[in-house]
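Step one of this worksheet: look at the structure below.
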There are 2 protein chains.
Amino acid sequence: MVGRAPRFDRKDMASAALRLVADRGPQAVTVAAVAKEVGAPTGSIYHRYESREQLLAELWMDVVEGFQAGFVAALAKADDVDGAAGAARFMAQWTREHALEARLLLLHRRQDFVAGDWPAPLAGRAAALEPQLGAALRAFARRAFGRSDAELMARLRYALLDAPFGGLKPYVQAGKPVPRVLDDLVEETVRATLGDLARA
Amino acid sequence: MVGRAPRFDRKDMASAALRLVADRGPQAVTVAAVAKEVGAPTGSIYHRYESREQLLAELWMDVVEGFQAGFVAALAKADDVDGAAGAARFMAQWTREHALEARLLLLHRRQDFVAGDWPAPLAGRAAALEPQLGAALRAFARRAFGRSDAELMARLRYALLDAPFGGLKPYVQAGKPVPRVLDDLVEETVRATLGDLARA
DNA sequence: GCCAATCTAGAATGATGATTCTAGAATGGT
DNA sequence: ACCATTCTAGAATCATCATTCTAGATTGGC
């Protein structure tokens, strides 16, 4: 390996940025702030990343892919309402185990990380995200209920993603631990909104 | 009334700012953008508001108070699980009737409107918000269930506010109408998470 | 020991946007 | 008609960043 030994790498910068997002939001991720956090001059940030936009976009993508991979894996094992409840609880568990990432995912919007189009190197991964999630939900719907009409899909998104998301948010926002009762609430929501369909 | 007749008032500016928030987010509410939207020079904005921060803080406060007043009123009429379901549906209904305000409330965070402390003139209203909501929930808990312990309060917040909030968000985000099924989901959530308590 | 390649350092540059300032216009009481 | 008062107009300031640029340091292969 020819050339001066690097003192800072992308990982250092990305994790500094994640820390900044978690405690002061994406708008606090200025190039100067990341540089300071890492202990590097601003120029070095640009040696690793095209632009601030690219750094933020990559950070968001890594976190979201990480979450989604776990969620999709949990859902892949499910084939009935019990399995769905497990997938729903996944989000609460993931939040407990990934405090910083959870703050990024639950408290901020994608558009605060990626303003317009995705930077070219990420476009492919970005385009795959929603289809992967949709496919996992649809496949589960077919396995568990034998159908995947629009209303059922709306129910699944609500019970497995949106309601848990909403329930978690206040705790994550306040920086408080997610209480056990939330796992129960999420599970009760799944059973209440998907339970009848198994018979129907 | 002595003095030149005004051509722009706070209302014009606030509603221009609301429109900007709803379609491009709070960071798009620059003083220049508001001025342009209203058709005024930037100086005139400062004739009505201390600062951009004050304009945004006041906008957020007006919207949130508007929502909360309706919600608290709906909850005040409730004294059992059916009443709670009505209060929960209030949010979906309010979202349908206040498209712009809903985008502000559901898609953005308070901290994007008010960075640090509240501007002095709003501090009082800000301080009253959470206690008013807490009191309304606690009073309902006592009426409906005869108790108001921490777990029950967590359940109420989830069922009446956080879960509906989470369920609504994707539609509001996408600018799509909130489907009927969401009202059902919200109601089913309330019954599932609060229903048993009535007997206990 | 010399060189291309890879990095650190940190000072310029430029753009964006909030805020302030200077002029001038309209109003209505006197 | 005159004046204090209330506003509009829009140019000038200032601060905050992102980004670019110039220097210089290291490294390992030759």
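Here is how names work: the chains are called A, B, and so on, in the same order as the sequence lines, proteins then strands, and each is numbered from 1.
In this structure, B/His108 and B/Phe113 have perpendicular ring planes: the angle between them is above 60°, well past the 30° mark. B/Trp60 and B/Trp118 have tilted rings, their planes meeting at an angle from 30° to 60° on a 0 to 90° scale. Note on ring orientation: taking the six-membered ring where Trp is involved, the planes of A/Phe90 and A/Phe67 are tilted (angle from 30° to 60°).
A/Ser51 comes within 4.0 angstrom of sugar-phosphate atoms only, judged by non-hydrogen atoms across all strands, and of no base.
Atom NE2 of B/His47 is separated from atom C1' of C/dT19 by 16 Å (rounded to the nearest Å). In this structure, A/Lys36 atom NZ and C/dG10 atom C1' are separated by 16 Å, rounded to whole Å. Straight-line distance from the CZ atom of B/Arg24 to the C1' atom of C/dT16: 14 Å, rounded to whole Å. One can place CZ of B/Arg48 at 20 Å from P of C/dA18, the figure rounded to the nearest angstrom. The distance from atom CD of B/Glu53 to atom P of C/dG17 is 17 Å, rounded to the nearest whole Å. Rounding to whole angstrom units, CG of residue B/Leu55 and P of C/dT19 are separated by 10 Å. As rounded to whole Å, 10 Å separates atom P of D/dT19 from atom CD of A/Gln54. Whole-Å rounding puts the B/Tyr46 OH to D/dA11 C1' distance at 15 Å.
A donor-acceptor pair shorter than 3.5 Å can be found between the side chains of B/Ser15 and B/Arg19. A donor-acceptor contact closer than 3.5 angstrom links the side chains of A/Gln132 and A/Gln68.
At least one side-chain nitrogen or oxygen of A/Arg7 sits closer than 4.0 Å to the OP1 or OP2 atom of C/dA9. In this structure, A/Arg4 does not reach the D/dA25 phosphate: none of its side-chain N or O atoms is under 4.0 Å from OP1 or OP2. Phosphate proximity of D/dT8 to B/Ser44: present, with a side-chain N or O under 4.0 Å from OP1 or OP2.
Listed by residue number, the members of residues 9-22 of chain B with any heavy atom below 4.0 angstrom from DNA chain D form an empty set.
Contact check for B/Arg48 versus B/Pro6: side-chain heavy atoms found under the 4.5 Å cut-off.
Of the candidate nucleotides C/dT8, D/dA9, D/dT19, D/dA9 has the atom nearest to the side chain of B/Phe8. Each of C/dT8, C/dT19, D/dC7 was ranked by its minimum atom distance to the side chain of B/Pro6; first place goes to D/dC7. You'll find that the side chain of A/Val2 is closest to C/dA4, out of C/dA4, D/dA4, C/dT19.
Projected onto DNA chain C by closest heavy-atom contact, B/Arg52 and B/Ala5 fall at different nucleotides, the more 5' of which corresponds to B/Arg52. Mapping B/Gly3 and B/Thr42 onto DNA chain C via the closest heavy atom, the residue that lands nearer the 5' end is B/Thr42.
A salt bridge is defined here as a Lys NZ or Arg NE, NH1 or NH2 lying under 4.0 Å from an Asp or Glu carboxylate O, and B/Asp82 with B/Arg191 meets this definition.
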